[in-house]
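In this text the structure is predicted, and so the values were computed from the model without any measurement.
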Amino acid sequence: MDRRIFLVLLLAGCAGPAPPKPDAPSQVPPPGPTPTPETPAPPAPSVDAGFDAWRAQFRTKAIGAGLPAALIDRELAGVTPNPRVISLDSAQPEFSKPIGDYIKGTVSDERIARGRRYRTELPFWPAVEQKYGVPRDILIAVWAMESAFGAVQGDFDVVRCMASLAYHGRRRNFAEGELIAALKIISSGEASRSQLKGSWAGAMGQAQFLPSNYLTTAVDGDGDGKRDIWGSSHDALASAANLLAKGGWVRGQSWAREVTLPADFDYSLTEGPRETPDWWAQLGVKPADGGGWSPADQGAKAQLVAPAGASGPIFLLLPNHFAIRTYNNSTSYALGIGLLADRFAGGGPLVRPWPYETPLAIGDRIAAQTALLRLGFNPGEPDGVVGVNTRTALRNWQKARGLTADGYLSMEMVRRLNVEAGAL
């Protein structure tokens with residue numbers, strides 16, 4: 001879905017750079033007679049009858065998923081929708097942050113210095129790398145992006161967040177599934193309700209795992225018998241490695257390579273075929289640093305991308321780039337992780353710098369999508385989210401008009417589209 005890969009929505013990591021005020025879980029009532037599905041405990045009165053109706057429906061669903069009725073009633077007693085969570089879920093940024101600005105903020109000197117210290121200071125790296133095949137530099141980059149090296153994990157009550165999102169309804173099935181997973185964690189005794197703190201979207205701990213990820217993928221890295229992704233950096237980073245390994249990480253391969261293109265290159269091939277470096281070389285695609293390809297990378301299928309258009313850096317994305325997107329299905333996010341990891345490992349800056357870009361207001365993005373639709377190039381619903389469908393439609397329009405078909409929506413492209421569609 002086009003909305004899933006909006007260029008740089010919420011790209012500072014799940015927990016965000018400035019955590020909201022703590023959102024304490026609801027008070028748990030003293031234990032009483034154990035309710036059953038046939039004789040449910042009367043729910044605490046709510047100021048929202050619609051929420052009470054949702055809670056009753058969810059109770060039946062959660063019991064069907066194997067959760068004890070007493071646990072459901074106890075944990076949801078007194079819970080009310082959190083308006084802050086609903087507002088954040090519905091928010092649409094007025095301006096889209098250019099990818100170059102995002103990457104510059106991600107690959108900062110301070111982060112690079114801290115990451116380089118952690119790659120030698122933490123003693124568990126050899127064991128984690130050997131077991132999961134994911135390099136420490138990638139894991140440190142995830143750690144930096146997701147929770148500022150464990151410092152910003154979020155203070156929202158995950159149970160209330162998931163209940164709020166489920167009641168709100170935009171992503172009801174997802175939120176109810178995560179709420180059931182959170183209740184299963186509590187039921188198992190692995191973590192208490194008070195421990196289940198995270199971002200407004202339900203991501204928890206130093207690795208920012210959703211409850212379902214915790215159940216299926218979190219591991220006990222330090223061997224103390226607990227999967228503590230909140231307090232143990234060993235557990236959190238081993239769990240992140242397991243998530244990436246399950247997401248398809250290929251041991252020994254790189255994640256991407258900056259490349260150069262010939263002057264007459266057909267940019268409509270960007271975000272298109274996945275072929276080996278030799279196939280791309282026949283079209284004039286070469287590593288920007290002038291070096292060769294490792295044996296492991298030589299046989300990998302790679303996709304070409306121009307995230308800032310023809311004037312910005314160009315990359316061949318290897319399969320491990322897409323494994324990184326297990327965390328966040330965004331090209332920008334995965335580029336940030338990979339480029340930060342490269343700097344941890346001693347690499348230098350990109351050969352071609354990021355160009356200056358003008359942030360696009362949501363009105364400009366919607367106007368461009370509307371114009372594409374009127375001109376017969378379908379970007380999907382005009383919603384201001386510039387994802388793969390919009391970029392594909394824009395490339396097709398650019399190619400049909402004899403323009404460089406890089407799929408990059410600049411202010412100049414917005415102006416041209418509006419003029420041709422008669423909007424100006």
Side-chain angles (χ1 to χ4, degrees), residues 11-17 102-154 198-199 203-209 213 217-222 227-258 317-328 330 332-350:
L11 283 169
C14 293
Y102 167 69
I103 296 294
K104 290 170 189 174
T106 297
V107 188
S108 66
D109 290 342
E110 189 274 338
R111 267 185 175 166
I112 293 168
R114 287 189 67 185
R116 286 177 176 173
R117 291 199 306 270
Y118 285 128
R119 76 189 308 269
T120 57
E121 288 178 357
L122 300 180
F124 51 74
W125 289 127
V128 170
E129 289 175 322
Q130 176 61 33
K131 184 170 184 178
Y132 300 103
V134 182
R136 68 187 67 184
D137 297 307
I138 291 290
L139 297 173
I140 298 170
V142 169
W143 194 28
M145 292 275 279
E146 293 294 334
S147 67
F149 304 103
V152 183
Q153 300 183 31
S199 73
M204 309 180 298
Q206 297 186 41
Q208 288 293 279
F209 268 28
N213 292 143
T217 310
V219 297
D220 174 16
D222 56 22
R227 300 188 293 174
D228 182 8
I229 62 172
W230 300 271
S232 169
S233 57
H234 192 164
D235 286 5
L237 293 169
S239 297
N242 192 33
L243 181 66
L244 291 171
K246 286 186 171 185
W249 187 272
V250 182
R251 188 184 294 260
Q253 279 187 3
S254 305
W255 67 276
R257 193 79 175 270
E258 185 187 3
L317 305 178
L318 298 169
N320 285 339
H321 166 91
F322 300 95
I324 295 171
R325 284 163 66 168
T326 304
Y327 252 104
N328 183 328
S330 159
S332 302
Y333 174 88
L335 283 173
I337 293 290
L339 293 171
L340 188 57
D342 286 352
R343 298 301 299 276
F344 293 157
L350 294 171

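Using cut-offs of 30° and 60° for the angle between ring planes, the Tyr333 and Tyr327 rings count as tilted.
Residues forming a ring-ring contact (aromatic ring centres under 6.0 Å, His included) with Trp255 (at least two apart in sequence, or on another chain): none. Considering only residues two or more places apart in sequence or on other chains, Arg257 meets the side chain to side chain contact (heavy atoms under 4.5 Å, CB included) condition with Pro287, Asp289, Trp293. Listed by chain and residue number, Arg119, Asp137 satisfy the side chain to side chain contact (heavy atoms under 4.5 Å, CB included) test with Ala345 (two or more places apart in sequence, or in another chain). Residues passing the side-chain hydrogen bond (donor to acceptor under 3.5 Å, both in side chains) test with Asp220: none are found, sequence neighbours excluded. Applying the side chain to side chain contact (heavy atoms under 4.5 Å, CB included) criterion to Asn213, with sequence neighbours excluded, gives Phe209, Leu210, Leu243. Scored by the ring-ring contact (aromatic ring centres under 6.0 Å, His included) test, His321 finds no partners at all (sequence neighbours excluded). With sequence neighbours excluded, the residues satisfying side-chain hydrogen bond (donor to acceptor under 3.5 Å, both in side chains) with Ser254 are Asp297. Applying the ring-ring contact (aromatic ring centres under 6.0 Å, His included) criterion to Tyr118, with sequence neighbours excluded, gives Trp143, Phe149.
Contact check for Pro135 versus Trp249: side-chain heavy atoms found under the 4.5 Å cut-off. Taking the side chain as every heavy atom from C-beta outward, Ser232 and Arg227 never approach each other to under 4.5 Å. You'll find the side chain of Leu339 stays beyond 4.5 Å of the side chain of Thr106, heavy atoms only.
Contacts classified as salt bridge (Lys or Arg N to Asp or Glu O under 4.0 Å) and involving residues 231-251 (residues at least two apart or in different chains) are not found. Contacts classified as side-chain hydrogen bond (donor to acceptor under 3.5 Å, both in side chains) and involving residues 124-133 (residues at least two apart or in different chains) are given here: Glu129-Arg136.
Taken from CG in Asp342 to CG in Leu350, the straight-line distance is 8.5 Å, to the nearest 0.5 Å. In this structure, CG in Leu335 is found 10.5 Å from CD in Glu258, a value given to the nearest 0.5 Å. The line from CD of Gln208 to OG of Ser239 is 13.0 Å long, rounded to the nearest 0.5 Å. To the nearest 0.5 Å, atoms CD (Glu146) and CD (Gln206) are separated by 12.0 Å.
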